[in-house]
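Before any comments, here is the structure.
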Amino acid sequence: MDATAAALLLDHYDSARRDLPWRSDSPDPYRVWLSEVMLQQTTVATVTPRFLRFVERWPTVEALAAASDEEILGEWAGLGYYARARNLIACARKVAADGGFPVTEAGLRALPGLGAYTAAAVAAIAFGQPAVPIDTNVERVIARFYGLTERSAVPAAARAFFPGARNGDVAQALMDLGATLCRPRAPACPACPLWKHCQAAASGTPEAFPAPKVRKARPHRFGIAWWVRKDDHVWLVRRAQQGLLGGMAALPGPEWQDERPSANAIAIHRHGFTHFTLDLLVVPAAEPPDGEGWWQPLQGIADAGLPTLYARAIKAALTAEREPRLAA
DNA sequence: TAGACGTGGGT
DNA sequence: TACCCAAGTCT
């Protein structure tokens, strides 16, 4: 039905597409998969340098599969949503053991960390399959193009929009459009190749499509991180594999709680997570707590593979030690 | 199925 | 400061 719109979109894409390091006329499935997993809920600007470091260190899925958990989690540190890294490891090892990536959408969907979107994206982009990847950009552009307020109506509309041939390019073109012109707020309609065919633009209030999602308020929580120094080292532990920051290096400490604890902190780091904010109190202790851990040299601690929460808390503690008057 | 799950940049 | 948003997945 919308061969015209898809053709206009592809013409625009062929002349104006962004040059991103995982894009190629002959895509490497490993690079497509790695980039798609990194891009889940993460911006192109954040992913680009991290992607380049990953593929330089591990140029193939076999090389990645042969790396240790600690190496990969350390390279992922700071990217967030660490379940992605744990699934990345499991997926790489399965693909390497199987001798390559599955070619079909269903086969890809069965791999760890590949949901409906990523399986369709890899199938379409890397293998030229007629899959229809629907991410937040595609959802927004399609909803606006057809004047849909209900997000539940988008998948059927998207299947009508996608031509079947060049679905990977159509998807990337829609994502580029969503990121640069058809933005959530203040869309740049006059510059859009679909402007004259777009229902939302014709309505005069394109931002009203699709209807906004309802959001809940974030609670506030508190935590204690023990600050145990010896010479120029600090005691670190590895967090449990499941749950928040699962498998990542961390300062030791008890479970976080809803009430503010009374403790003699040398620094307090406030950190925002998706579903709550945290005040992490950094509290000096003389000896490491019971359990596994190691002495991490403070030299180059910023590159030690810590998630941002702990990298920032340690930085605040070191600053407080240097300038006690500034401590919270 | 709704909540858990990170972080950085824009406004 | 605070909220929005980002190439989602898993349970």
Nearest-nucleotide 5' precedence on DNA chain B, A:Arg86 against A:Lys216: A:Lys216
A:Arg260 to A:Phe222, cation-pi by 6.0 Å centre distance and 45° axis angle: no
Once ring-ring contact (aromatic ring centres under 6.0 Å, His included) is applied, what residue pairs with a partner in [range] remain, sequence neighbours excluded?
range: residues 169-198 of chain A; answer: none
range: residues 302-322 of chain A; answer: none
range: residues 278-301 of chain A; answer: A:Trp235-A:Trp295

Leading and trailing nucleotides of DNA chain B with any atom under 4.0 Å from heavy atoms of chain A: B:dG3 to B:dG8
Partners passing side chain to side chain contact (heavy atoms under 4.5 Å, CB included) against A:Ser24 (at least two apart in sequence or in another chain): A:Ser26
Any residue meeting ring-ring contact (aromatic ring centres under 6.0 Å, His included) with A:Trp22, in chain and number order, not counting sequence neighbours: A:Phe51
Is [X] touching bases, backbone alone, or none of the nucleic acid, heavy atoms closer than 4.0 Å?
X: A:Leu278; value: nothing
X: A:Leu309; value: sugar-phosphate
X: A:Arg23; value: base
X: A:Ala116; value: sugar-phosphate
X: A:Thr308; value: sugar-phosphate
X: A:Gly272; value: base
X: A:Arg218; value: nothing

Residue whose nearest DNA chain C nucleotide is more 5′ - A:Gln172 or A:Gln242: A:Gln172
5' priority, DNA chain C, between A:Trp22 and A:Leu111 [closest heavy atom]: A:Trp22
Salt bridge (charged side-chain N to carboxylate O under 4.0 Å, His left out) evaluation trace for A:Glu139 with A:Arg151: CA-CA 7 Å; A:Glu139 179 185 60; A:Arg151 294 169 193 270; 2.7 Å; yes
Residue list, salt bridge (Lys or Arg N to Asp or Glu O under 4.0 Å) with A:Arg31, at least two apart or on another chain: none
Non-neighbouring partners of A:Asp169 that pass salt bridge (Lys or Arg N to Asp or Glu O under 4.0 Å), sequence neighbours left out: A:Arg166
Pairs touching residues 73-88 of chain A that satisfy side chain to side chain donor-acceptor pair (under 3.5 Å), sequence neighbours left out: A:Thr42-A:Arg84, A:Arg53-A:Glu75, A:Arg57-A:Glu75, A:Tyr81-A:Thr274
Donor-acceptor contact present, side-chain A:Thr205 to main-chain A:Ala208, <3.5 Å: no
pair A:Val138-A:Pro133: side-chain heavy atoms closer than 4.5 Å: no
Residue-level proximity of residues 127-138 of chain A to DNA chain B when a heavy atom falls under 4.0 Å: none
Contact residues, residues 28-51 of chain A to DNA chain B [heavy atom, < 4.0 Å]: A:Gln41, A:Thr42
Segment of DNA chain C, first to last nucleotide, that comes within the 4.0 Å heavy-atom reach of chain A: C:dC4 to C:dC10
Span that lies between the P atom of C:dA7 and that of B:dG3, in whole angstrom: 23 Å
Gap in Å between the two C1' atoms, one belonging to B:dG6 and one to C:dC4, rounded: 15 Å
For A:Leu39, the option from A:Leu34, A:Val44, A:Asp135 that meets side-chain contact (heavy atoms from CB on, under 4.5 Å): A:Val44
Nearest non-hydrogen partners of A:Thr277 and A:Gly272, listed with the distance: CG2-CA, 4.2 Å
